[in-house]
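Lettering of chains follows the sequences in order, A, B, ..., and the numbering in each one begins at 1. The structure displayed is predicted, hence computed values, not measured ones.
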There are 2 protein chains.
Amino acid sequence: MPRAGLDADVVTRAAAALADETGLVNLSMNVIAERLSVKAPSLYKHVDSLSSLIHRIAILATTELGDAIRDATQGRAGGDALAAAAHALRSFVGGHPGRYAAILGARPGGPDDPLHAALSRSLNSFSAVLRGYQLDLAEETHALRMLRSSLHGFASLEMSDGFQIGTDVDDSFAWMIQFIDQGLRAGGESSNSGKGDRVAARSVTGASRG
Amino acid sequence: MPRAGLDADVVTRAAAALADETGLVNLSMNVIAERLSVKAPSLYKHVDSLSSLIHRIAILATTELGDAIRDATQGRAGGDALAAAAHALRSFVGGHPGRYAAILGARPGGPDDPLHAALSRSLNSFSAVLRGYQLDLAEETHALRMLRSSLHGFASLEMSDGFQIGTDVDDSFAWMIQFIDQGLRAGGESSNSGKGDRVAARSVTGASRG
DNA sequence: GCTAAAAGCTAGCACTTATAGCTTACGCTG
DNA sequence: CAGCGTAAGCTATAAGTGCTAGCTTTTAGC
């Protein structure tokens, strides 16, 4: 029996591709092994367990997603950057549903979990987009969370066929982006027009805590 | 052996409670049976399969969630109704993560699937909230999708510990609600200030298509 | 009190993840 | 080039899934 030339990375990429094709939930050691022309137990020479393999997929996917958003927003600012980032995320989800599902289900482990770094880089891409709106420091965290919630929510609802037919989903997505853009522009000019101590100046700590 | 007095509904509620306690993914026929002081195969006398049981949980949860939002928004309007609905959803997710996960993973089946009705009622509660902003018909669909995306995204990110520490999550949630409220109020007054044919008047069909 | 439906049980199948231990391929050093 | 050691593959197997088959027992209705 010649060797297959496997390796943690090769296994992870094969599993990620398979997850995109057939869904993350249908991923099993058997189908991954079949794809690699190998028997299931052999995979354990390269990977600790199925869950750790899915964790690796999440890290890979988060990195890829962060790169895609960074690339898409490169050289853009304001509403253009926002739209580019949003579309990059949505097309990633559309093209890689299995990878995205892995991201959603992932929870960072110890402090040296590579997922932490990948997540931070991904968040920084969004932060960079927001920086164009010149919000104050406290608001930027809120805005970042709002942005992530909206985009992630939209993508995952769309992924699970959560929107009934009747109105074009692309239109709704464009509408939402514009809604956010307008709100952020308005908030940048006249903040604090609301209920009161909402943005209670939470001291000056490091950025990118979304 | 005396009989346990089981029934599809009793099994579903026990499974839902267990899902909230230990997570939907950890739900198995064995643990449900144990909770009911019965052996696993006995459950099949009342329920078709584990997946159909989870589907039942989703129907139950969607109904409960719809009721909670309806009750919370009763007698309120505008921003108050929006905030009440949002908090109702978030507290539902916080108190019933397993049920909510079942909702997220559910996909309606045939046309007579009770999940359809439950989902519609739930959507109508959100629609009723939006009606206070007097958007035109086409925009209401977009706004409904945006609202669902934001709230669902926030809740599910929070559920999976997606927000790092650093800023209070409650503050961010309040901020997001106000952001949406302000945007909707502005949109109600001066619509169509944007890119152009975004809201291309999509004829007058029945409502609640989110 | 008898009959029959239905609720519970045990046994077992097919599938999963994962481990143990064997064999064989490959790369490095003498 | 020989041989040795590491590591990659394998088979066999354990433990735990969901689910079915078929049996026993309870319980409701006549």
Side-chain angles (χ1 to χ4, degrees), chain A residues 1-60 98-99 101-102 104-107 109 115, chain B residues 1-60 98-99 101-102 104-107 109 115:
Chain A
M1 287 269 147
R3 300 205 177 174
L6 299 186
D7 145 343
D9 207 64
V10 172
V11 174
T12 303
R13 287 176 193 281
L18 215 39
D20 286 336
E21 293 166 24
T22 67
L24 185 69
V25 291
N26 297 114
L27 209 60
S28 80
M29 295 304 258
N30 239 322
V31 296
I32 301 168
E34 268 180 28
R35 166 69 59 105
L36 293 165
S37 305
V38 139
K39 305 291 178 179
S42 307
L43 299 178
Y44 290 89
K45 297 285 181 181
H46 308 286
V47 158
D48 283 346
S49 66
L50 178 63
S51 59
S52 95
L53 176 54
I54 292 175
H55 194 82
R56 280 174 185 275
I57 296 176
I59 295 167
L60 170 68
R99 283 169 160 88
L104 296 189
R107 225 166 323 290
L115 186 58
Chain B
M1 288 271 145
R3 300 205 178 173
L6 298 186
D7 147 342
D9 207 62
V10 172
V11 174
T12 303
R13 286 176 193 283
L18 216 39
D20 286 337
E21 293 167 24
T22 68
L24 186 68
V25 291
N26 297 113
L27 209 59
S28 79
M29 296 304 259
N30 241 321
V31 296
I32 301 167
E34 267 181 28
R35 166 69 59 105
L36 293 165
S37 305
V38 139
K39 305 292 179 179
S42 307
L43 299 178
Y44 290 89
K45 298 284 183 179
H46 309 287
V47 158
D48 283 346
S49 66
L50 178 64
S51 59
S52 95
L53 176 55
I54 292 176
H55 194 83
R56 279 173 185 276
I57 297 176
I59 295 168
L60 170 69
R99 281 170 162 88
L104 296 189
R107 229 170 313 294
L115 185 57

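The separation between B:L6 atom CG and D:dT27 atom P is 13 Å, rounded to whole Å. Distance B:D48 CG to D:dT20 P: 9 Å, rounded to the nearest Å. Summarising the geometry, the separation between CG on A:L50 and P on C:dC15 is reported as 18 Å, rounded to the nearest angstrom. Remark: C1' of D:dG9 and CZ of A:R3 are 7 Å apart, rounded to the nearest angstrom. Taking atom CD1 of A:I54 as the reference point, atom P of C:dT16 lies 14 Å away to the nearest angstrom. Between the CG atom of B:L53 and the P atom of D:dC19 there is a distance of 10 Å, rounded to whole Å. When the P atom of D:dA14 is taken as reference, atom OH of A:Y44 falls 17 Å away, rounded to whole Å. When rounded to the nearest whole Å, the span between NE2 of B:H46 and P of C:dA6 equals 12 Å.
Residues A:N30 and B:P41 both approach DNA chain C. Their nearest nucleotides, taken by heavy-atom distance, put B:P41 toward the 5′ side. When each of A:S49 and B:D7 is assigned the nucleotide of DNA chain C with its nearest heavy atom, B:D7 is the one assigned upstream, toward the 5' end.
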**Message:** If you apply the rule side-chain contact (heavy atoms from CB on, under 4.5 Å), what do you find for A:L27 with A:L24, and how did you get there?
**Reply:** CA-CA 5 Å; A:L27 209 60; A:L24 185 69; 4.2 Å; yes
**Request:** Give the intermediate values and the outcome of side-chain contact (heavy atoms from CB on, under 4.5 Å) for residues A:V11 and A:L53.
**Result:** CA-CA 8 Å; A:V11 174; A:L53 176 54; 4.0 Å; yes
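Among the nucleotides D:dG9, C:dT17, C:dC9, the one closest to any side-chain atom of B:V38 is C:dC9. Of the candidates D:dT20, D:dG22, D:dC10, D:dG22 carries the atom nearest the B:K45 side chain, counting heavy atoms from C-beta on.
A distance of 10.0 Å separates CG of A:L43 from CG of A:L50, quoted to the nearest 0.5 Å. Atom NE2 of B:H46 is separated from atom CG of B:D7 by 7.5 Å, given to the nearest 0.5 angstrom.
Of the possible donor and acceptor atoms, none in the side chain of A:N30 sits under 3.5 Å from a partner among the backbone N and O of A:A40.
Among pairs with a residue in residues 29-38 of chain B, those fulfilling salt bridge (charged side-chain N to carboxylate O under 4.0 Å, His left out) read B:E21-B:R35, at least two apart in sequence or across chains.
At a threshold of 4.0 angstrom between heavy atoms, the contacts of B:S42 include nucleobase atoms, whether or not backbone atoms are also involved. At a threshold of 4.0 angstrom between heavy atoms, the contacts of B:A40 with the nucleic acid are absent.
The overall bend of the helix from C:dG1-D:dC30 to C:dG30-D:dC1, read as the angle between its terminal helix axes built from five base pairs each, is 0° when rounded to 10 degrees.
For CG of B:D48, the number of neighbouring non-hydrogen atoms (other residues, nucleotides, ligands) closer than 6.0 Å is 12 at most.
Counting atom types as modelled, B:K39 pairs no side-chain N or O with a base atom of C:dG8 as donor and acceptor under 3.5 Å.
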